[in-house]
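Written out below as structure tokens is the structure these notes cover.
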Amino acid sequence: MRKLQLTFVFLATVAFIGLSSAGFAGSTRLIMTMTSERMVQEQLIHVRFLGSDGAELESDALKQMVIRQHDCASGHVFDLEMDCKIGYEPDHKLVGIYLYPKVWKNKSLCFSIPNQGKVEREFTKTDNDGHSIQLKVMP
């Protein structure tokens with residue numbers, strides 16, 4: 001009887017571990033909690049995006065975004081997973097992209113989303129004020 005219980009507990013544990021790891025496969029972690037003070041301290045910039053119709057672009061569209069340095073055609077491509085993070089702005093909890101200092105500091109960036117459009121913006125240290133920047137993506 002004791003062997004049967006141990007076998008059952010072992011199988012349940014293995015099944016739980018297998019299912020829990022599959023549940024997170026391929027998902028990107030969002031920055032959920034961030035304060036304006038921490039944004040300034042860590043020199044993070046939060047950028048929200050609107051479509052050409054004025055609707056807020058959600059995380060599915062943001063995951064397709066390509067961010068290039070200098071120009072949209074041939075600039076250095078930043079990796080969304082390594083160089084930026086998708087997350088919620090501190091004040092209004094709207095989804096956008098957090099840019100790390102190595103990505104934005106004194107650089108011009110091009111944000112493009114397939115089938116949506118693109119927008120270019122030059123960033124300076126005055127943009128690091130703890131508030132979200134809103135950009136409109138145009139075709």
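FYI, the numbering just counts along the sequence from 1.
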Completion exercise
Sorted by chain and residue number, the side chain to side chain donor-acceptor pair (under 3.5 Å) partners of Gln69 (sequence neighbours excluded) come out as none
Practice task
Assess whether side-chain contact (heavy atoms from CB on, under 4.5 Å) is satisfied between Ser36 and Asp91, documenting all intermediate values.
Solution key: CA-CA 8 Å; Ser36 298; Asp91 299 330; 3.7 Å; yes
Handout entry: Any residue meeting side-chain contact (heavy atoms from CB on, under 4.5 Å) with Glu42, in chain and number order, not counting sequence neighbours
Key = Arg38, Leu44
Completion exercise
Taking every heavy atom of Val95 against every heavy atom of Leu57, the minimum-distance pair comes out as CG1-O, 3.7 Å
Exercise for the section: With the side chain counted from C-beta on, respond yes when Val137 and Leu135 share a heavy-atom pair under 4.5 Å apart, and no when they do not. Expected result: no
Exercise for the section: Would you mind listing every ring-ring contact (aromatic ring centres under 6.0 Å, His included) that reaches into residues 119-139, with sequence neighbours excluded? Expected result: none
Exercise for the section: For the residue pair Cys84 and Leu99, establish whether any side-chain heavy-atom pair is separated by less than 4.5 Å. Expected result: yes
Please table the atom pairs, donor to acceptor, closer than 3.5 Å between any side-chain atom in residues 113-122 and protein atoms at least two apart or in another chain.
unit_1: Arg121; atom_1: NH2; unit_2: Asp127; atom_2: OD1; d: 2.7

Problem - Hydrophobic cluster membership, Val103 vs Ile133, 4.5 Å side-chain cutoff - result: yes
Fill in the blank from the handout: By salt bridge (Lys or Arg N to Asp or Glu O under 4.0 Å), Asp129 pairs with (sequence neighbours left out) none
Practice task
Please list, chain by chain and in numerical order, all residues satisfying side-chain contact (heavy atoms from CB on, under 4.5 Å) with Asp79, sequence neighbours excluded.
Solution key: Glu81, Met82, Asp83
Fill in the blank from the handout: Between Met39 and Pro90 the two heavy atoms that sit nearest each other are SD-CG, 3.4 Å
Problem - Residues forming a side chain to side chain donor-acceptor pair (under 3.5 Å) with Lys125, sequence neighbours excluded - result: none
Practice task
Mind jotting down which residue pairs meet the ring-ring contact (aromatic ring centres under 6.0 Å, His included) criterion with at least one end in residues 38-87? Sequence neighbours excluded, please.
Solution key: His46-Tyr98, Phe49-Phe111, His76-Phe78
Fill in the blank from the handout: The side-chain contact (heavy atoms from CB on, under 4.5 Å) partners of Val40 (sequence neighbours excluded) come to Asn128
Handout entry: Leu62 and Leu80, any side-chain heavy atoms less than 4.5 Å apart
Key = no
Handout entry: Sequence-distant partners of Arg48, side chain to side chain donor-acceptor pair (under 3.5 Å), two or more places apart
Key = Glu56, Glu89, Gln134
Exercise for the section: List, by chain and then residue number, the residues other than Val66 in its hydrophobic cluster (Ile/Leu/Val/Met/Phe/Trp/Tyr, side-chain heavy atoms under 4.5 Å); write none if there are no others. Expected result: Val77
Practice task
State which residues pass disulfide bond (SG atoms under 2.5 Å apart) with Cys110; sequence neighbours excluded, sorted by chain then number.
Solution key: Cys72
